[in-house]
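Here's the structure, in structure tokens; my notes come after.
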Amino acid sequence: LAEVEIVADLGTAEISLRDIVDLRVGDIIPLDIPPTIEAKVDGVPVMECAYGKFNGQYTLRVEKLLSNSHDPHTGEKHA
């Protein structure tokens, strides 16, 4: 059994450098969150997910496994 780190970018925001410099504690940066989020292992997309909350925690719900993903280190296909 191996542990892997799954990384998912939840959203993006455009903000000017001037606005970043002017940020203060408590300021809010609105995010654009897409309807589906790609989850990656070692930079390789492995699943599409929906973002949400469950039992008070932020979550990802697996919507689709990306079977065309390949491990760049071994060349093996991910299921």
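Worth saying up front: this structure is predicted, and the values here are computed from it rather than measured.
Residue pairs meeting the side chain to side chain donor-acceptor pair (under 3.5 Å) criterion with at least one member in residues 31-41, sequence neighbours excluded, do not occur.
No continuous path of hydrophobic side-chain contacts links Ile6 to Leu10 [ILVMFWY only; heavy atoms under 4.5 Å]. Transitive grouping of hydrophobic side chains (ILVMFWY, heavy atoms separated by less than 4.5 Å) keeps Val44 and Val7 in distinct clusters. Placement of Val4 and Val62 within a single hydrophobic cluster is found when ILVMFWY residues are connected by side-chain heavy-atom separations under 4.5 Å, directly or transitively.
For Arg24, the side-chain contact (heavy atoms from CB on, under 4.5 Å) partners at least two apart in sequence or on another chain are Asp27. Residues passing the side-chain hydrogen bond (donor to acceptor under 3.5 Å, both in side chains) test with Arg18: none are found, sequence neighbours excluded. Every residue meeting the side-chain contact (heavy atoms from CB on, under 4.5 Å) condition with Ile15, not counting sequence neighbours, appears here in chain and number order: Asp19, Ile20, Leu23, Ile29. The side-chain contact (heavy atoms from CB on, under 4.5 Å) search around Tyr58 returns Tyr51, Lys53, not counting sequence neighbours. By the side-chain hydrogen bond (donor to acceptor under 3.5 Å, both in side chains) test, Thr12 is found to be paired with no residue, residues two or more places apart in sequence or in another chain being considered.
Distance check: Arg61 CZ to Cys49 SG gives 9.5 Å after rounding to the nearest 0.5 Å. If you take CD1 on Ile33 and CG on Asp9, they are separated by 11.5 Å, rounding to the nearest 0.5 Å. To the nearest 0.5 Å, atom CE of residue Met47 and atom CG of residue Leu65 are 6.0 Å apart.
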